[in-house]
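Following: one structure in C-alpha cells, then a few remarks.
In what follows, chains carry the letters A, B, and so on, assigned in the order in which the sequence lines appear, proteins first and then strands, with residues in each chain numbered from 1.
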Protein chains: 2
Amino acid sequence: MMFFGEFEYKIDEKGRVPIPPRFRKALREGLVLAPGIEKCIIAYPLDEWKKLADTLTTGPVTPSKLRRLNRATFAAAFSISLDGQGRIALPISLKQHAEIVDEVIIAGANNYLELWNKVHWESEKAISQEQAWQIIESLERH
Amino acid sequence: MMFFGEFEYKIDEKGRVPIPPRFRKALREGLVLAPGIEKCIIAYPLDEWKKLADTLTTGPVTPSKLRRLNRATFAAAFSISLDGQGRIALPISLKQHAEIVDEVIIAGANNYLELWNKVHWESEKAISQEQAWQIIESLERH
DNA sequence: CCATATTTCGCCACAATTCCCCACTTTCTA
DNA sequence: TAGAAAGTGGGGAATTGTGGCGAAATATGG
C-alpha cells in the first residue's frame with residue numbers, strides 16, 4: 001500500500017479523527033501511532049511497523065544503546081485500531097507532541113501517514129517542497 | 001507507452017477533464033497526479049510513478065532530507081482512476097497550483113502527461129521551443 | 001463490596017459531497 | 001451519408017464527514 005495525498009479533518013469533542021476512506025482497508029488490522037521527529041504523529045500500518053522494529057533491533061548498536069532505543073521507540077508508541085466508522089482516537093500525549101487541537105492534516109508519505117497541526121503543516125510543506133525540487137533537479141543532472 | 005501531442009478540453013462544472021482517447025488504455029489501471037515544478041499538473045501512469053518513487057526513496061539522501069522528500073512527493077500526489085467516460089476529476093489543490101479554471105491543455109511529454117492552463121501553456125511552449133532549438137543545434141555541432 | 005460518578009466506546013442520524021451511470025449533441029470516419 | 005466514437009452535461013444513488021445519544025467500562029468514595 002502506498003499512501004498518497006493530503007486530507008483535512010476536524011477532531012470531534014472526544015478526540016476522534018476520521019481516517020481517509022481509501023486508507024481504511026489497509027489499516028483495518030491495526031496501526032501504530034508514534035511521535036514523529038518533527039512536530040507530528042506518524043501512523044504506521046501494522047506490517048510496516050514490524051519491519052521498522054526489525055531494522056531497529058538488528059541494527060549495529062551496543063546492547064545498552066539498544067535498550068534505550070527500544071524504550072524510546074516502543075514506550076512512546078500506541079497500538080490503535082479503527083472503530084466502525086473508520087475513526088481513531090488520538091492519545092493525549094501524542095496530540096500534545098504534535099500540538100494538534102481540533103483540526104488535523106493527514107498526509108500520505110509513501111509507506112506511512114503523518115498527522116499534523118494545520119498551521120505547522122503549511123510551513124513544513126513549503127520547506128519540504130523547496131528541498132524536494134532541489135533534490136529532483138540535482139538527480140536529473142545525470 | 002509514449003505520450004505525444006497537444007489536446008484542448010473544457011472542464012465541466014464538476015471539475016472533470018476528458019483524457020485523450022488514445023491514452024485511455026494506458027491509464028485504465030490508474031494514474032497519479034502531482035504538482036509540477038512549473039505551474040502545471042503532471043499525470044503519471046501507475047508504473048511510471050512506481051519507478052519514480054523507487055528512485056526517490058533509494059536515492060542518496062540523508063534521512064531527514066528523505067523524510068522531507070517523502071512528504072513533498074507523496075502528500076501532494078493523488079491516486080486517480082478514469083471514470084466510465086474516460087474522464088478524471090481534478091483535485092482542487094492541484095487546479096489551484098496550475099491555475100486551471102475551465103480550459104485545459106493536455107500535453108504529452110514522453111512518459112507522462114502535463115495539464116496546463118491554456119494561457120500559461122502558450123507562453124511556456126514558446127520558451128520551450130526556443131530552448132529546444134538551441135539545444136538541438138548545439139547537439140548537431142559534433 | 002456496593003453505589004455513584006466519570007470517562008470511554010460503539011452506534012445512529014443527518015447533511016453534504018462524491019461517484020457512477022445515462023443521455024444528448026457534435027465530430028470524425030468509413 | 002450513415003454509423004461510430006467522443007465531448008459535454010445532468011441526475012440519482014452511495015459514501016462519507018460530523019455531531020450526538022446511550023451503553024459499557026473504569027475509577028472513586030463510602
Let me know, please, whether B/Pro20 or B/Glu13 comes out on the 5' side of the other along DNA chain D by nearest nucleotide. B/Pro20

Would you say the ring centroid of B/Phe74 lies under 6.0 angstrom from that of A/Phe3? no

For [X] and [N], what is the distance between atoms [atom1] and [atom2] respectively, to the nearest whole Å?
X        : N      : atom1 : atom2 : result
B/Leu82  : D/dG7  : CG    : C1'   : 15 Å
B/Glu8   : C/dT27 : CD    : C1'   : 15 Å
A/Asp83  : D/dT18 : CG    : C1'   : 13 Å
B/Lys25  : D/dA6  : NZ    : P     : 13 Å
B/Leu90  : C/dC19 : CG    : P     : 12 Å
B/Lys10  : C/dT25 : NZ    : C1'   : 13 Å
B/Ile88  : D/dT8  : CD1   : C1'   : 16 Å
B/Ile106 : D/dA6  : CD1   : P     : 14 Å

Under 4.0 Å, heavy atoms only, any strand: does B/Arg24 hit a base, just the sugar-phosphate, or nothing? sugar-phosphate

Would you indicate what A/Lys14 reaches in the nucleic acid, counting non-hydrogen atoms under 4.0 angstrom: base, sugar-phosphate, or nothing? base

Please evaluate the base of D/dG20 for a donor-acceptor partner in the side chain of A/Arg16 within a cut-off of under 3.5 Å? yes

Select one nucleotide: of [options], the one nearest the side-chain heavy atoms of [X].
X       : options                : result
A/Asp12 : D/dG17, D/dT8, D/dG19  : D/dG19
A/Arg87 : D/dG9, C/dC11, D/dG17  : C/dC11
A/Pro21 : D/dT16, C/dC9, D/dT18  : D/dT16
B/Gln85 : C/dA23, D/dG17, C/dC12 : C/dA23

To the nearest 0.5 Å, atom CG of A/Leu113 lies from atom CD1 of A/Ile88 at 8.5 Å

Does B/Glu29 CD have over 12 foreign heavy atoms under 6.0 Å away? no

Just checking A/Arg68: does its CZ atom have more than 12 heavy atoms from other residues, nucleotides or ligands closer to it than 6.0 angstrom? no

So which atom in B/Ser79 and which in A/Arg22 form the shortest heavy-atom distance, rounded to 0.1 Å? O-NH1, 3.5 Å

Given that A/Gly84 and A/Ile92 both sit by DNA chain C, which one's nearest nucleotide is further toward the 5' end? A/Ile92

Taking only side-chain nitrogens and oxygens of A/Tyr9, does any of them come within less than 4.0 Å of OP1 or OP2 of D/dT18? no

